2 protein chains.
Amino acid sequence: MARASTTSDAFNAVAEPRRREILSYLAGIERPVGEIAEALGLEQPSVSKHLRVLKDVGLVRMRCQGRQKLYRTNAEAIRPLHAWAATFERYWQHQLTRVKARAEAMARQGSPQLDLSKSKEK
Amino acid sequence: MARASTTSDAFNAVAEPRRREILSYLAGIERPVGEIAEALGLEQPSVSKHLRVLKDVGLVRMRCQGRQKLYRTNAEAIRPLHAWAATFERYWQHQLTRVKARAEAMARQGSPQLDLSKSKEK
DNA sequence: TTGACATATTCCTATATGGGAATATACCGT
DNA sequence: ACGGTATATTCCCATATAGGAATATGTCAA
């Protein structure tokens, strides 16, 4: 089997650097294809193709205005990605957090004195 | 040109669902290949290959212990992904937050217009 | 209608993939 | 050294890509 399609989900769509650039560029604003191409220094057909992929997975929304089509990033579709990555947050947070985590771990299986196991998230 | 290599960066490595499963499984714990394979219902060679990719981009760390090799997720390597996704946070946060953000932006520059594009980072 | 502009699609190709099967490599205890 | 266990690598292949070039589709204006 080959690699999954770029249109199979947001993870695959976003793996391409140009597509990430496009998403960043279109965050909060609405732009026609030509302007995207110019702004990012890409060929128009290339941009159209990337936008197709992004649209297929819902990462961008499109609206027609006369002869041009306006695209904008649909941030909601990026949330799953963020959520997945956030899952690992507690494993990278710096010293303070990590020390606390360790203390918890020790408390759990070590000295029953310190019971921080109920400490809260966030 | 073809698609970028899966080992070119975390984004590409993480595009593969199995690899995400492996990363989740190895978050905070250290496990030998065989156990990963069994736990996730994958073939051993397949797991080895995925681990190779993950190791190449620094998403997992490996340690030898006798005849087995113990892998664990290196959460730090997931941070860039999280950071990139977080960039769009302000565009998906719900009404209240969004309104608040706008209010802040307005207050900062005293502009009567609602111009999100100019608001600053936190 | 015709022409000009804006975008999308098609065709081509080198390159990489992930899975399965088979095999190689490394390390252990005896 | 040997057999057995734990991982890694190789080979094969159907599939998908991204970019470039060329072309098709669509829309406006006169």
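Letters A, B, ... are given to chains in the order of the sequence lines, protein chains preceding strands, and every chain is numbered from 1. These numbers come from a predicted model, not from an experiment.
At whole-Å resolution of the value, CG in A:L54 and P in D:dA18 are 10 Å apart. Summarising the geometry, the separation between CD on B:E35 and C1' on D:dT5 is reported as 15 Å, rounded to the nearest angstrom. Rounded to a whole Å, the NZ atom of A:K55 is 7 Å from the P atom of C:dT9. In this structure, the CZ atom of B:R31 is 16 Å from the P atom of D:dA6, given to the nearest Å. Summarising the geometry, the separation between CZ on B:R3 and P on C:dT15 is reported as 17 Å, rounded to the nearest angstrom. Spacing between atom CZ of B:F11 and atom P of D:dT17 amounts to 19 Å, rounded to whole angstrom units. Distance NE2 (A:H50) to C1' (D:dA16): 14 Å, rounded to an integer number of Å. Remark: P of C:dA8 and CG of A:D56 are 12 Å apart, rounded to the nearest angstrom.
Contact between the side-chain N/O atoms of B:S5 and the OP1/OP2 oxygens of C:dA16 is not found at any separation under 4.0 Å. Distances shorter than 4.0 Å separate none of the side-chain N or O atoms of A:Y71 from OP1 or OP2 on C:dA6. The phosphate of D:dG19 (OP1 or OP2) has a side-chain N or O of A:S46 nearer than 4.0 angstrom. Contact check, A:S48 against C:dT7: no side-chain N or O comes under 4.0 Å of OP1 or OP2. Put simply, B:R19 has a side-chain N or O that comes within less than 4.0 Å of OP1 or OP2 on C:dG18. Contact annotation: A:R52 does not reach the phosphate of C:dA8 (side-chain N/O to OP1 or OP2, under 4.0 Å).
Counting distance only, with no hydrogens placed and no angle test, the side-chain atoms of A:K69 and the base atoms of D:dG26 include no donor-acceptor pair under 3.5 Å. For a distance-only test at 3.5 Å, the side chain of B:Q44 fails to qualify as a donor-acceptor partner of the base of D:dA6.
Picking from C:dT7, D:dA22, C:dG19 the nucleotide with the shortest atom distance to the side chain of A:P45 gives D:dA22. Distances were taken from every side-chain heavy atom of B:K49 (C-beta onward) to each of D:dT7, C:dT7, D:dT9; the shortest belongs to D:dT9. Nearest nucleotide to the side chain of A:R67, out of D:dG20, C:dA4, C:dT17: C:dA4. Candidate nucleotides C:dA14, C:dG19, D:dT7 were compared by shortest atom distance to the side chain of B:V33, and D:dT7 ranks first.
Inspection of the B:H50 and B:R19 side chains reveals an N or O donor paired with an N or O acceptor under 3.5 Å. Between the side chains of B:N74 and B:R79, not a single donor N or O lies within less than 3.5 Å of an accepting N or O.
Outside the 6.0 Å centre-distance limit, the rings of A:H82 and B:W84 are not counted as a close aromatic pair.
Cation-pi contact between A:R61 and A:Y71: absent, since separation from the ring centre below 6.0 Å together with deviation from the ring axis within 45° is not met.
Each of A:N12 and A:Q65 lies near DNA chain D, and the nucleotide nearest A:N12 is the one positioned closer to the 5' end. Across the interface with DNA chain C, nearest-nucleotide mapping of B:M1 and A:V47 shows A:V47 to be the residue nearer the 5′ end.
Between the B:S46 side chain and the B:L42 main chain, no donor and acceptor come within less than 3.5 Å of each other.
Taking 4.5 Å as the limit, every side-chain heavy atom of A:V57 sits out of range of all side-chain heavy atoms of A:T6.
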